[in-house]
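Only heavy atoms go into these numbers, but all of them, side chains included; no hydrogens, no water, no symmetry mates.
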Amino acid sequence: MPGPLTMLLRRAICLSLLISAALATTAYAATVGREQDISDLKLGQRVQVDDGTCPAGQVKEVRGAKMTDKGVARTSACVPRYGPKTK
């Protein structure tokens, strides 16, 4: 039977793995081709829409802004397009 210190260490490792997995999935930013392709926008979620409506070097970002009676209200703005990092 494992000692209390071993059990505590196992619980701490499990908790840290769960937290890191949750953070990794929420940090993901989706990119779609049309705003109509966004089916279920959550409060605080950001989705980049590459539909060509923003100037060169920018992309439209749709956000779940606030809760209303009909669901999540959306706002959109043109934000800088971030490409792959270069040296």
Intermediate values then yes/no, side-chain contact (heavy atoms from CB on, under 4.5 Å), Val62 and Glu35: CA-CA 8 Å; Val62 179; Glu35 196 169 346; 3.9 Å; yes
side-chain contact (heavy atoms from CB on, under 4.5 Å) between Met67 and Leu43, intermediate numbers included: CA-CA 7 Å; Met67 289 299 295; Leu43 187 63; 4.0 Å; yes
Value rounded to 0.5 Å, distance of CZ in Arg34 from CG in Asp51: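 Between Arg34 CZ and Asp51 CG, I get 10.0 Å after rounding to 0.5 Å.
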Atom pair CD/SG of Gln48 and Cys54 - distance to nearest 0.5 Å: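 Between atom CD of Gln48 and atom SG of Cys54 there are 10.0 Å.
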Pairwise side-chain contact, [X] with [Y], heavy-atom cut-off 4.5 Å (strictly under):
{"X": "Val59", "Y": "Val49", "value": "no"}
{"X": "Lys66", "Y": "Val72", "value": "no"}
{"X": "Val47", "Y": "Gln45", "value": "yes"}

Salt-bridge contact Asp50-Lys60 (side-chain N to carboxylate O under 4.0 Å):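 Salt bridge absent between Asp50 and Lys60.
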Trace of the side-chain contact (heavy atoms from CB on, under 4.5 Å) decision for Gln58 with Arg81: CA-CA 5 Å; Gln58 294 186 346; Arg81 180 188 304 264; 5.7 Å; no
